[in-house]
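Some notes on the structure that comes next.
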Amino acid sequence: MLTRRHFIEPDTFTLEEMETLFALAEKIEREGGYLRDSCKGKLLGVLFFEPSTRTRLSFEAAMIRLGGTCLGFAEPYSSSTAKGESLADTIRTVACYADAIVMRHPKEGAALLASRYSSVPVINAGDGGHHHPTQTLTDLLTIRQMRGAIDNLTIGFCGDLKFGRTVHSLARTLARYPRITMIFISPPELAMPSYITERFAGAGVSYEETGSLDTVIGKLDVLYMTRVQRERFFNEEDYIRLKDSYILNMEKMAMAKKDMMVLHPLPRVNEIAPDVDADPRAAYFRQATYGMYVRMALLSSVLGVVC
Ligand code: NCD
């Protein structure tokens with residue numbers, strides 16, 4: 001039962017609860033009108049204190065397709081945050097008007113704090129360089145759709161693994177699935193934080209770290225590319241030095257398995273050459289579509305219109 005629960009960290013839901021969400025998302029996709037109007041009369045507070053295209057619009061599209069309505073802001077300067085209002089007070093206020101709140105914020109832990117002040121469910125749409133659990137639902141649904149199951153996979157995470165919240169949430173969640181090998185590909189400065197990897201040792205998760213995409217690409221079933229997170233760097237020189245560490249192009253794709261999937265949470269900057277888009281292994285725009293279906297499943301469950 002996901003009704004009225006917060007969704008802050010990727011471990012919030014059990015694997016069985018996630019399976020239920022994926023099955024529901026697949027049913028919504030298959031049967032065009034399923035759950036249409038089920039959220040009629042419900043309001044979703046959409047509070048984005050950081051830029052977004054896919055996450056915000058897919059949540060809004062999901063709510064509108066379920067017959068509900070969204071209210072909120074896409075940047076904080078148009079809200080009383082600009083006058084110095086605390087996050088706690090903003091949340092307490094929006095909870096008076098909305099049935100659930102989706103929130104993105106530049107500070108790690110902001111969604112958890114919001115959940116402590118909210119009388120309605122809070123969904124974390126990204127808290128700084130920490131977590132992004134609904135992107136994980138999107139990523140896993142995409143893998144499930146394209147490979148049939150989330151099992152027996154070698155997945156490479158490539159790019160900014162230090163600040164990339166989508167990789168933190170996805171790696172932590174994949175560690176709960178059977179027969180998963182993770183390969184973390186990054187320059188040493190952008191390596192996966194130890195607060196993620198230290199959990200793996202005890203859980204018997206198989207992983208390795210490398211600086212070279214070329215040497216491992218041939219082993220991968222899934223390649224998860226990421227953008228170097230400019231906004232989280234302390235200085236511009238470091239960003240400029242590291243931003244083009246990895247560029248996936250057709251030359252590299254030629255070294256990969258014929259059925260390797262390329263995922264990317266998007267936005268892409270330079271890390272995937274545009275001609276890769278035409279390769280059938282490039283799944284990132286399909287991934288964006290699944291993001292809407294899985295958010296429809298999540299919202300209908302959290303708002304209690306399905307059990
Ligand atoms: C990601 C994010 O915001 O963390 N985008 C997304 O939600 N799809 C990845 C990124 O910004 O690089």
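Counting convention: from 1, in listed order, for ligands and their atoms alike. Position 1 is the first residue of the sequence; numbering continues from there.
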Electrostatic pair Arg232:Glu50 at N-O distance under 4.0 angstrom:
yes
Lys/Arg N to Asp/Glu carboxylate O, Arg56 vs Glu60, below 4.0 Å:
yes
Less than 4.0 Å is my threshold; does some heavy atom of Gly126 fall inside it relative to ligand 1?
no
Joint cluster assignment, Leu153 & Met261, ILVMFWY side-chain distance < 4.5 Å
yes
Is it true that the NZ or CZ of Arg104 lies under 6.0 Å from the centre of Phe48's six-membered ring and within 45 degrees of the ring axis?
no
So which protein heavy atom does atom 5 (N) of ligand 1 come closest to, and at what separation?
Leu266 O, 2.9 Å
Please classify the Arg104 to ligand 1 contact at 4.0 Å (heavy-atom distances, strictly less than): side chain, backbone, both or neither.
side chain
Geometry only, no angles: is Pro267 polar-contacting ligand 1 at N/O separations under 3.5 Å?
no
Identify whether the distance between the nearest side-chain nitrogen and carboxylate oxygen of Arg230 and Glu236 falls below 4.0 Å.
yes
Numbering as shown, the atoms of ligand 1 that approach Arg227 to under 4.0 Å (heavy-atom distance):
10 (C), 11 (O), 12 (O)
Side-chain touch Glu19/Leu15, heavy atoms, less than 4.5 angstrom
no
Which atoms of ligand 1 are found less than 4.0 Å from any heavy atom of Thr55?
6 (C), 7 (O), 8 (N)
The atoms of ligand 1 lying under 4.0 Å from a heavy atom of Thr166, numbered in the order shown, are 1 (C), 4 (O)
Write down the atom of Ala98, the atom of Leu71, and the distance for their closest heavy-atom approach.
CB-CD2, 4.2 Å
Checking a contact table here: which protein heavy atom is nearest atom 3 (O) of ligand 1, and how many Å away?
Arg165 NH2, 2.9 Å
Enumerate the atoms of ligand 1 whose separation from the nearest heavy atom of His132 is less than 4.0 angstrom.
2 (C), 4 (O), 6 (C), 7 (O)
Nearest non-hydrogen protein atom, atom 8 (N) of ligand 1
Pro265 O, 2.9 Å
Taking only heavy atoms of Gln229, which atoms of ligand 1 are found under 4.0 Å from at least one of them?
10 (C), 12 (O)
Checking Glu231 now: which residues fulfil side chain to side chain donor-acceptor pair (under 3.5 Å) with it, not counting sequence neighbours?
Arg227
